[in-house]
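Supplied in structure tokens, the structure appears directly below.
Just so it is clear, the values below take in all heavy atoms, side chains as well, and ignore hydrogens, waters and symmetry mates.
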Number of protein chains: 2
Amino acid sequence: MKFSTSEENYIKSIYHLQQQGGVVSTNNLASELQTKAASVTDMLKKLNAKNLLHYERYQGFTLSDEGIKVALGIVRKHRLWEYFLVHKLEFGWDEVHAIAEELEHITSPLLVEKLDTYLSHPKFDPHGDPIPDVNGKMELRQQVNLIDLALNQEAEVSAVGSQSTELLELLKHKNIGIGTLLTVVRKFTFDNSLEVKVKNFPPFSISQQLAQTLFLKPTYGSTTVGSISK
Amino acid sequence: MKFSTSEENYIKSIYHLQQQGGVVSTNNLASELQTKAASVTDMLKKLNAKNLLHYERYQGFTLSDEGIKVALGIVRKHRLWEYFLVHKLEFGWDEVHAIAEELEHITSPLLVEKLDTYLSHPKFDPHGDPIPDVNGKMELRQQVNLIDLALNQEAEVSAVGSQSTELLELLKHKNIGIGTLLTVVRKFTFDNSLEVKVKNFPPFSISQQLAQTLFLKPTYGSTTVGSISK
DNA sequence: AAATAAATTTAGACAAACCTAAAACTTTTT
DNA sequence: AAAAAGTTTTAGGTTTGTCTAAATTTATTT
């Protein structure tokens, strides 16, 4: 079955939202898609008629198995194109999201498979997100949220939880990118903010909100800067 | 100014038609786009309002300078993507047209320039058509139509005049592709058909229609099979 | 358990891009 | 030069995806 660009965008957004919070609500999806609740309801009816959703009036909704399959196909295309843009065309990892949003709607399945082969079947995209294979299977990202990182445990930034320009702007300002090595030197319970250290820079503060969008891979053989352990 | 996919398709088709015949007619464009004359008139009004056309009711139309600029931008994208699909992803030259029709509508100008650089600024696409540069300039294809090829003059097939599946099917059947070397051994005035020879194959016949869609580059130092010249 | 607030859906409109059928204009034929 | 044929445009309607405003349902207060 084929879908319009608009249908695909709804499916993809529902997928992302239900990854976080389980059942998705109308307002929730409307704000994610920058549209109005009434428009969302219209589209829900259509997707429901195509058996892509479990949907009951006023009760929220989730993707059906079929819906998830479709979503994974779109996610696969999005992440493969991002990989292509960064590793072949030499875009920065923070410039590619909008372009991949367009490329992900190109329909040819053969194109996707040839692209995958050309890129040597990458497992993760430039933001650290896993790329589903043809059957929708993908690796878990073995990453830790910055909020959960142990004190003085060195780790490498490997993914960001959103591609909003606001977030990317803030990361640029703080000089943080994919690959940055950092350690948490203090945690403040008052506002859950963190004091963070990057080599060769003075320590600086990261808010709870920001910390929640950053994912890292611990560097075993940590630098244990001021810790008690030998 | 930005254009919808539909507007871009109209602009591109008008461009191709006026390359052949000068002023374009409504029915002409309707059949090219597989749509109805009334739909064409609707769109003409819109494009005219945006100053992309010279248009007078009932009198036909051509692109304005601005319209040509837009058309060349689309043609540039189409041909660059075709080059990418054939030379990087290893598609056959006869499989890429439909996919490039989708890719040509991706909007990012930076993407086009990075792609062009990645491909090392190719001058011709896999069908032998020239690729316009950023300013719309392109080389003429120094090619001869098969109809005009001199007797016994060896030449290499370098372009086909259309990408219709019907044509590609026929070429496949006759074992002709980009790069095929051939000579015309006889011309029949009755139906303007040609008797053609490809090395290691028995001679075969090509209709006037087919000959008109094939373009070739003469091989200087010809093989002059049965000619009088030493 | 009412009253109020918030979320969701319905009803009715609108723009883009298409359609059919009829009217208007051009070209060709007789 | 009138009639016929062909082409183009207009008029009015459809579908998709959006919107605003009003009605309905669910959740939260008091």
- prompt: Between A:K45 and C:dT9, does any side-chain N or O lie under 4.0 Å from OP1 or OP2?
  reply: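 No, no such contact exists.
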- prompt: Can you find a side-chain donor-acceptor pair between B:H121 and B:D133 that sits under 3.5 Å?
  reply: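 The criterion, which ignores hydrogens and geometry beyond distance, is not satisfied for B:D133 and B:H121.
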message: B:K12: which residues meet the salt bridge (charged side-chain N to carboxylate O under 4.0 Å, His left out) condition with it, sequence neighbours left out?
response: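 B:K12 satisfies salt bridge (charged side-chain N to carboxylate O under 4.0 Å, His left out) with B:E101, B:E104 once adjacent residues are dropped.
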Nearest-angstrom distance from the residue atom CD of B:E7 to P of C:dA15: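 So the CD-P distance, B:E7 to C:dA15, works out to 16 Å.
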- request: In whole angstrom, give the distance that lies between atom CG of B:N9 and atom C1' of C:dC18.
  value: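 Nearest whole value for this atom pair: 14 Å.
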message: With a cut-off of less than 4.0 Å, is there a side-chain N or O of A:S6 near OP1 or OP2 of D:dT18?
response: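 For D:dT18, OP1/OP2 do have a side-chain N/O of A:S6 under 4.0 Å.
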- prompt: To the nearest angstrom, how far is B:L44 atom CG from D:dT10 atom P?
  reply: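 Answer to the nearest Å: 11 Å.
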- prompt: Is atom CD of B:Q209 surrounded by more than 12 heavy atoms (other residues, nucleotides or ligands) closer than 6.0 Å?
  reply: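 No - once you tally the heavy atoms of other residues, nucleotides and ligands closer than 6.0 Å, there are 12 at most.
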message: Other residues, nucleotides and ligands only: do more than 12 of their heavy atoms fall within 6.0 Å of CG on B:D65?
response: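 Result for CG/B:D65: open.
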Nucleic acid contacts - residues 21-41 of chain A versus DNA chain D, non-hydrogen atoms under 4.0 Å: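 Hits under 4.0 Å, by residue number: A:T35, A:K36, A:A38, A:S39.
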- prompt: Are OP1 or OP2 of C:dT10 and a side-chain N or O of A:R57 less than 4.0 angstrom apart?
  reply: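 Yes, within the criterion.
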message: Regarding A:K2 and A:E7, does a basic nitrogen lie under 4.0 Å from an acidic carboxylate oxygen?
response: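 The answer is no: the pair does not qualify as a salt bridge.
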- request: Could you check how far CD of A:Q59 sits from P of D:dT26, rounded to whole Å?
  value: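 The distance from CD of A:Q59 to P of D:dT26 comes to 6 Å, rounded to the nearest Å.
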- request: Give a yes or no answer on whether the side chain of A:N135 reaches the backbone of A:K137 with a donor-acceptor pair at less than 3.5 Å.
  value: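 Such a contact is absent between A:N135 side chain and A:K137 backbone.
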message: Rounded to whole Å, how long is the line connecting atom CG of A:D42 with atom P of C:dT10?
response: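 To the nearest whole Å, that distance equals 9 Å.
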field: Whole-Å distance separating the CZ atom of B:F3 from the P atom of C:dA16
entry: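 To the nearest whole Å, that distance equals 14 Å.
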- request: Would you please confirm or rule out a distance under 4.0 Å between OP1 or OP2 of C:dT8 and any side-chain N or O of A:Y55?
  value: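 For C:dT8, neither OP1 nor OP2 has a side-chain N or O of A:Y55 closer than 4.0 Å.
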query: Is B:Y10 touching bases, backbone alone, or none of the nucleic acid, heavy atoms closer than 4.0 Å?
result: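 Touches sugar-phosphate only.
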message: Counting distance alone, no hydrogens or angles: does the base of D:dT7 have a donor or acceptor under 3.5 Å from a partner atom on the side chain of B:Y58?
response: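 Result: no qualifying N/O pair found.
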query: Is there a donor-acceptor pair closer than 3.5 Å between any side-chain N or O of B:E8 and the backbone N or O of B:I74?
result: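 No, the answer is negative, given that no donor and acceptor are paired below the 3.5 Å cut-off.
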task: Specify the separation, in whole Å, of atom CE of B:M43 and atom P of D:dT9.
output: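 Checked: the CE to P distance equals 14 Å.
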